[in-house]
Amino acid sequence: MDKRDASRILEEIAALLELKGENPFKVRAYENAAHAIDGLTENLGEIIEAGTLIDVPGIGESIAGRITELWKTGHMAFYEALVDSIPPGYLEMVRVPGLGAKRVRLLGEKLEITSLAELKAAGEKGLIRALKGFGEQSEKRILEGIAILEKGSSRSLASQVRPIAEDLLAKLRKHAAVLESEVGGSLRRWVETVKDVDLLVATEKPEKVTQAFLKLVESATIIASGETKTSVRLPSGLAVDLRLVLPKQYPFALHYFTGSVPHNVRIRSRALDRGMSLNEYELSGKRHAPVRTEADLFRVLGLEYIEPELRENRGEIEAAEAKALPKLITISDIRGILHCHTTYSDGRSTLVEMAEAAVAWGASYLGLADHSATARYARGLSEEDLKRQSDEIDRWNAGSKKLRILKGAEVDILPDGTLDYPERVLEKLDYVVASVHTNLNMSEVEMTKRVTRALKNRYVSIFAHPTGRLLLERQGYPIALEEIFKVAAAEGVLIEINASPHRLDLDWREVLKAKGRGVRFAVNPDAHHAGGYADLRYGIGVARKGWLTKEDVVNTLPADRALALMRSRRA
DNA sequence: GTTTATTTAAACGTAATCTACCTAGATTA
């Protein structure tokens, strides 16, 4: 049981209450509470023990009591009773696009449908259209919606969606009627997974832009198309929304459609506090300086400009008010690349190919970190392999003025917390990346002990992909990150931000916490082929979301200084 | 159910779009 579980149960309660037809504000109260718990920076258990849960904004007496019950007993009577009172299929039925709580309840009551399968059958038999409040269109959309759900996950990796969004945007920008345009939503905030694409355009001629857009996405299904908004679904299942506003509305709309929702709520109420009212089109009320850009909008509200990545209501508004926002790291701050693989282990490109690509990318050093001996799954290097690689690196370094290759290794942390190479091997390496790849089913306590022991090994420089998660595929293994951060900070071990879009591990929410505990980081592509350095932009996205500056990240330093940091415990 | 402005009660986000009816309710963002 951790705060994520608690938050998920609160969210489910909100959905169930809505299905029950409860007071919508009660529903939102549970949604807000779920969000509040998820956003806690302190340990939930400690807050409960201290009895200060009720002081968390969004959590009152009733919900505090229920969370406490859940925490202490592992059960919540209210939740369990609620689950029992609602047909189990209702929750999956509301996930069908176009179906909300009201209509799900109607379908359940009139047609006795209680599962997605029954819903599909009823639709195919044409029973739904006969129902009052439904028609042929509704039935068709429900069946389409079910097909989309059956296709799989409703979220996609940002890396799969971003190129599509950027391509659409580039094409729209060529249109004369498009005056300003941007990708909004979670993509603009560099969130790791996204549900849909939000495109925002400023124009005086909305019909023209809409036509041009629909031509660009010819093969898509049109879900809605009006004067200010067009929604389509691409054949891949990805939903794309185009929003059209007048130029004078653009800064407000851009801010609004970038989100996040909790951030926007705070900004709106801030406007109210100052005698103004903010919506997606304007800032009305008290007179204020003209707003032509997002920066103007923040300024009028007494705030520094807040980068989109920070807009998650995790303290950015307070910091912007105090003029204390960090100067976020950018991709051009990165000087060197650490943690890459070659054909010596499971990489697809040779050492030379990786090196040449690193030169082309603009790096001044490249740390190779192929897998260690035990990693059979990845053709891990024996001591002899390592020696051969070392010789090849020496040859490269003797001949290249542009790029220095560092001798690293990604060494498995074995189940007992020892490393997969003996000391005589480790000491010959320039630096050591340590990570867990096997025996992921340990308890949290055991895993934490295992990793802690590894981090205390004085040869370890970087702890890589700290939770082992694979986005949309696999949860991370259980590990007490707070404990790990403490050890890493004390020992001077760097924590990796793995930039592979499938991992993005450490998670940005945790990066922010780790930074607060004095941890420093390495943003690593974990490249397995010569094109893999491009993933660094996603790692930088995570670093920026985690409030990191150039100073927080080791591979913004020149090679000698980065090495000195990574070898600080060897002396 | 929570918060806030007043101590019991009101507010809590709002606009656009769709679909089934011809203005309203549901859904979504």
Side-chain angles (χ1 to χ4, degrees), chain A residues 10-11 13-37 53-67 78-79 82 93-107 128-142 144-145 154 184-187 194-200 206 210 221-233 239-245 249 252-253 255-273 277-282 284:
Chain A
L10 292 172
E11 263 175 36
I13 291 174
L16 290 165
L17 289 174
E18 198 177 9
L19 282 164
K20 229 179 162 171
E22 266 282 4
N23 172 3
F25 296 108
K26 193 169 174 177
V27 173
R28 192 175 301 154
Y30 275 94
E31 282 169 355
N32 289 341
H35 216 97
I37 293 292
L53 190 54
I54 199 163
D55 298 334
V56 177
I59 295 180
E61 210 177 326
S62 167
I63 294 184
R66 287 180 174 149
I67 295 172
F78 173 72
Y79 166 69
L82 199 56
M93 285 162 69
V94 280
R95 285 175 44 227
V96 176
L99 270 190
K102 294 230 168 77
R103 302 219 291 175
V104 163
R105 208 141 32 89
L106 205 66
L107 286 163
I128 294 176
R129 69 180 77 180
L131 215 54
K132 192 174 165 211
F134 292 79
E136 248 175 272
Q137 284 297 324
S138 302
E139 188 174 83
K140 193 169 142 233
R141 285 194 59 189
I142 286 169
E144 283 168 1
S154 58
S186 45
L187 269 181
V194 299
K195 196 158 72 55
D196 54 20
V197 174
D198 291 300
L199 297 173
L200 180 67
T210 301
T221 317
I222 301 171
I223 298 167
S225 185
E227 202 169 307
T228 68
K229 178 187 158 185
T230 291
S231 300
V232 302
R233 189 175 299 280
V240 181
D241 280 4
L242 174 70
R243 302 273 183 169
L244 305 167
V245 297
Q249 300 169 326
F252 308 102
H255 177 263
Y256 179 86
F257 289 115
T258 297
S260 67
V261 171
H263 168 92
N264 286 358
V265 169
R266 290 283 310 277
I267 296 290
R268 265 203 310 268
S269 78
R270 188 177 176 88
L272 282 175
D273 289 345
S277 170
L278 178 66
N279 64 21
E280 55 261 61
Y281 303 119
E282 61 172 357
S284 55

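Side-chain N/O atoms of A/Arg66 and A/Tyr30 include a donor and acceptor closer than 3.5 Å.
With a 4.5 Å cut-off on side-chain heavy atoms, A/Leu99 and A/Leu106 do not count as touching. Side chains of A/Thr210 and A/Glu227 form no contact here, defined as non-hydrogen atoms less than 4.5 Å apart. Inter-residue side-chain proximity for A/Val104 and A/Val96 is flagged as unmet; no heavy-atom pair is nearer than 4.5 Å.
Between A/Arg103 and B/dG25, a side-chain N or O to OP1/OP2 separation shorter than 4.0 Å is absent. Residue A/Ser138 places no side-chain N or O under 4.0 Å from the OP1 or OP2 atom of B/dC18. One finds a side-chain N or O of A/Thr228 lying less than 4.0 angstrom from the OP1 or OP2 phosphate oxygen of B/dT17. Phosphate proximity of B/dA16 to A/Lys229: absent, as no side-chain N or O sits under 4.0 Å from OP1 or OP2.
Looking at heavy-atom distances under 4.0 Å, A/Arg129 makes no contact with the nucleic acid at all. Across all strands, A/Pro24 comes closer than 4.0 Å to no nucleic acid atom at all (heavy-atom distances). Here A/Ser225 lies in heavy-atom contact (under 4.0 Å) with sugar-phosphate atoms only.
The residue among A/Ile223 and A/Asn279 whose nearest nucleotide of DNA chain B lies closer to the 5′ end is A/Asn279. Map A/Val94 and A/Val265 each onto its nearest nucleotide of DNA chain B; the residue landing nearer the 5' end is A/Val265.
Put simply, the side chain of A/Asn23 and the base of B/dG1 share a donor and an acceptor less than 3.5 Å apart.
When base pairs are accepted only as Watson-Crick or G-U wobble with both N-N or N-O distances under 3.5 Å, DNA chain B takes part in stems of 3 or more pairs at B:1-4 with B:9-12, B:14-20 with B:23-29.
With P as the reference atom, B/dC12 and B/dT6 are 14 Å apart, rounded to whole Å. Distance noted for atom P between B/dA11 and B/dA5: 13 Å (whole Å).
Checking B/dC12, B/dA29, B/dT27 against the side-chain heavy atoms of A/Phe25 singles out B/dC12 as nearest. When distances run from any side-chain atom of A/Lys132 to the nucleotides B/dG1, B/dC21, B/dA29, the shortest one goes to B/dC21. Taking every side-chain heavy atom of A/Ala224 into account, B/dT17 is the closest of B/dT17, B/dG1, B/dA15.
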